[in-house]
Amino acid sequence: MTVVVAMDGPSGSGKSSTAKSIAKRAGWLYLDTGALYRAATWLTIDKAIDNADELLIALKSSPILFKTDPSNPLTFCGGVDVSEAIRSAEVTSAVSRVSSWPELRKELVALQRVIIESAKNGIVVEGRDIGTVVAPGANLKIWLQADINARAIRRDLEDKSRGLESSSPDSVAASLSNRDQVDSTRAVSPLRKAEDAIIVDSTNLTLDETVAYIWNILKSRSLIGLPRAVIVGRPNVGKSTLVNRIIGSREAIIEDTPGVTRDRVSYEAEWNGKTFMVIDTGGWEPTSEGIALKISDAAESAISDADLVLFVVDAQVGQQSDDDALISVLRKSKKPVMLIANKVDSEKDELDAHSLWNLGLGEPHFISAAHGRGSGDLLDLIVSQLPEVGASRIDDGYRRIAIVGRPNVGKSSLLNSFAGSTRSLVDDAEGTTRDPVDELIDLGDKTWRFIDTAGIRRRAHQASGSEYYAALRTERAIENAEVVIMIIDASTPITEQDLRIITMVEDSGKALVIGLNKWDLVDEDRRVVLDKETERNFDQVEWAERVNISAKTGWHKDKLLPAIQRSLESWESRVPTGRLNSFLGQLIGSNPPPIRGGKQPKILFATQAGIAPPTFIVFATEFLEASYRRFIERRLREEFGFSGSPIRVSVRIRER
């Protein structure tokens, strides 16, 4: 996802300096839209053009090009660098008139949008009508303003820095005021603040203070990417133990058996006020094959995305030949590397571990991840070496989708198919995924948070070892999700475990979509049997949409997203109280509740108490049979839909 910051405001308010400073700090691109209009104005003067039609013809042979490097933004027109020429007094006096031509504005708005769309990570766009016309969907809109005297002083200082002749403050203020007046009298004024823009008055702020204020807004909205610290090393050197020490909780699965961690798994960490991502990877082996080869490939992929690599070595074992092979990979990556000697539990261990200097990666940092020895000093070093901004996106209200099912039904293949790349390991062996793999994926015009979970063989309390933790984390992923995709292998009979997982999802109250995977392996005979199986076994979740897919080939995956969106809409839908009670009155008029204990229950009224999932409370004079509550639920679905979402109906006894 590209972060777009739209910065509007009157001339002289400090937009240019502020926007460039923020773009440089974030490592983003910068676009001065005013420079585009000035370049067009320069072209009218250079070619003696006095109308929009001639100007548009001239722009075809002399196109405007803007270099978006915030450290050295340049403007070209017809291949000529006009960065200085467009700041002349002649251009300044004519730019308001030329920029008011509707034909030119349409042409330059299209150019601005092309530049914005070309940005990969982020871009700060400053000028006029950015938040209202050019980028109305910007992630953050700032209206930067200042009083006329402060603006005049800044404009005069800017002119002096360019070597231009200084004017009196009064004349500069008059010029700015006149330009404001001209802009405000246009049919569509560029001095319009977007309704959702944040006003920042820089009259009494320095540039650094203005930048710091806007930077804090970006951070509060989770628009600043977090740096990544990637942990690598041979199997069983304590990488996941170190992850748990850094994040302060037992999130990563730990077991004495080597190779428990397989996928690269991301966790959010914080130390001394600095937030960053720590990525746990599977044990790297140079001569691996099969699943071990895929684990090593995933670790190497994580290294390529790292801002800092934490290379963990077991100090009790010392340097191994496998370490030398991984060091070669690290050197080729040209990433900053911190050597960590783990399992250093005493001063004697520390003396022995000094031999790790021979690895040629600089000073080894001694810790005991299991006991916490040296962990505080290590974290101080880590945060001091991480950059301020990284590429990791953090939660910004993205919709959360958990992918669940038995082992080897195609959950990881589906995640990779959505992502268009390998995000989660796929192997024929059951149980390849153990930790939940959390990925942000852009689909359509939205970003979604997908969580690929471990295959559940049995409930957590019935499992043991790494399987226990995997099941526990899957159950937690379901609880944290908003919608669940239940993947079933359509090519094999539906199992009791499939039904247990569906019950788990239903009990959680989450929206549900059932993906019948491996459809490419289903023949006509199997389809007949499958229809009978689903009819017999899915009666408890007959409201859940079912989509036939092939995660491996991508067939019909485009039908999953609309089903997910419909389920979420149902999950969060609300029925107006008046309409609900009108429906209920007609229902009980034609189908009154059955007599219970010689008494006829009277339904007084109903209300929707909540959403996610939709929850209804029926007030009655007597208890309503479970069968009648199910009848109400069924008729609610017939009347109001709720496709893909469970609904809850409860009864409260109230005296008439």
Side-chain angles (χ1 to χ4, degrees), residues 404 459 475 478-484 486 494 496 498-514 531-546 563-656:
V404 304
R459 292 187 180 274
E475 291 180 12
I478 293 173
E479 290 298 325
N480 292 333
E482 294 171 296
V483 60
V484 175
M486 170 67 189
I494 294 174
E496 184 180 347
D498 288 321
L499 302 181
R500 276 201 294 264
I501 296 171
I502 286 179
T503 299
M504 184 193 307
V505 176
E506 183 190 20
D507 291 345
S508 73
K510 307 302 179 179
L512 173 65
V513 175
I514 297 175
D531 286 341
K532 294 178 180 178
E533 289 178 354
T534 54
E535 184 178 350
R536 181 173 62 253
N537 294 306
F538 289 174
D539 58 319
Q540 69 191 92
V541 288
E542 59 183 2
W543 43 265
E545 289 199 46
R546 302 171 207 166
I564 290 168
Q565 292 173 317
R566 286 191 294 269
S567 297
L568 281 171
E569 288 171 4
S570 296
W571 195 60
E572 296 176 331
S573 65
R574 184 178 291 277
V575 179
T577 302
R579 189 180 172 196
L580 175 63
N581 282 284
S582 174
F583 152 77
L584 195 60
Q586 295 176 14
L587 178 66
I588 60 179
S590 57
N591 296 278
I595 296 174
R596 187 174 185 271
K599 294 183 179 181
Q600 174 70 58
K602 299 290 185 182
I603 295 178
L604 305 176
F605 66 95
T607 185
Q608 184 172 351
I611 59 172
T615 302
F616 300 91
I617 298 177
V618 177
F619 292 88
T621 59
E622 305 289 342
F623 183 79
L624 297 179
E625 298 286 353
S627 59
Y628 194 75
R629 293 201 305 273
R630 288 194 297 271
F631 168 71
I632 293 176
E633 177 183 339
R634 186 169 64 254
R635 293 299 298 273
L636 277 170
R637 290 190 180 280
E638 291 174 2
E639 180 72 17
F640 302 112
F642 300 112
S643 172
S645 172
I647 62 175
R648 305 282 190 256
V649 177
S650 62
V651 178
R652 289 189 186 174
I653 310 300
R654 177 175 290 188
E655 295 293 334
R656 286 199 298 176

Just by modelled atom types, is the A481 backbone N or O under 3.5 Å from a matching donor or acceptor in the K510 side chain? yes
Rounded to the nearest 0.5 Å, the CD1 atom of I494 sits from the CD atom of E533 at a distance of 5.0 Å
Could you measure the distance from the CG atom of N591 to the CD1 atom of I588? Nearest 0.5 Å is fine. 10.5 Å
Can you name the ring-ring contact (aromatic ring centres under 6.0 Å, His included) partners of Y628, sequence neighbours left out? F631
Determine whether D498 and M486 make a side-chain contact, defined as any pair of heavy atoms from C-beta on separated by less than 4.5 Å. yes
Test: R566 and E569 ion pair at under 4.0 Å: no
I would like to know whether K599 and F623 meet side-chain contact (heavy atoms from CB on, under 4.5 Å); could you show each step before the answer? CA-CA 10 Å; K599 294 183 179 181; F623 183 79; over 6 Å; no
To check you understand the geometry: which heavy-atom pair defines the closest contact between E622 and P601, and what is its length? CB-CB, 3.8 Å
Just how far is it from atom CG of L584 to atom CD of E639, taken to the nearest 0.5 Å? 11.0 Å
Nearest atoms (heavy-atom pairs only) where R654 meets L604: O-CD1, 4.0 Å
Pairwise distance CZ(R574) to OG1(T615) - rounded to 0.5 angstrom: 9.5 Å
Which heavy atom of S567 sits nearest a heavy atom of V513, and at what distance? OG-CG2, 3.4 Å
Please answer whether the main-chain N or O of G509 pairs with a side-chain N or O of W571 as donor and acceptor at a distance below 3.5 Å. yes
Heavy-atom nearest pair, Q608 first then V575, reads OE1-N, 2.6 Å
Taking all non-hydrogen atoms of both residues, which atom of F619 and which atom of T607 are closest, and how far apart? CE1-CG2, 4.0 Å
Could you check whether any side-chain N or O of E625 sits under 3.5 Å from a backbone N or O of I595, counting only pairs where one atom can act as donor and the other as acceptor? no
Beyond-backbone contact of F583 with E638, side-chain heavy atoms, under 4.5 angstrom: no
Measuring only between side-chain heavy atoms, which start at C-beta, is Q600 closer than 4.5 Å to P593? yes
Quick one: does any side-chain atom of S573 pair with a main-chain N or O of S570 as donor and acceptor, under 3.5 Å? yes
Hey, does I647 have a side-chain heavy atom less than 4.5 Å from the side chain of P613? no
Measure across S508 and R648 and return the closest heavy-atom pair with its distance rounded to 0.1 Å. C-NH2, 4.4 Å
Do R637 and E633 meet the salt-bridge criterion of a basic N to acidic O distance under 4.0 Å? yes
Just verifying a value: how many Å separate L512 CG and I502 CD1, rounded to the nearest 0.5 Å? 6.5 Å
For a side chain to side chain contact (heavy atoms under 4.5 Å, CB included) with I603, tell me which candidate from V651, V618, N581 qualifies. V618
Value for CD1 (I501) from CG (L499), rounded to nearest 0.5 Å, stands at 9.5 Å
Fit a plane to each ring of F616 and F642, take the angle between them on a 0 to 90° scale, and name the class: parallel (under 30°), tilted (30 to 60°) or perpendicular (over 60°). perpendicular
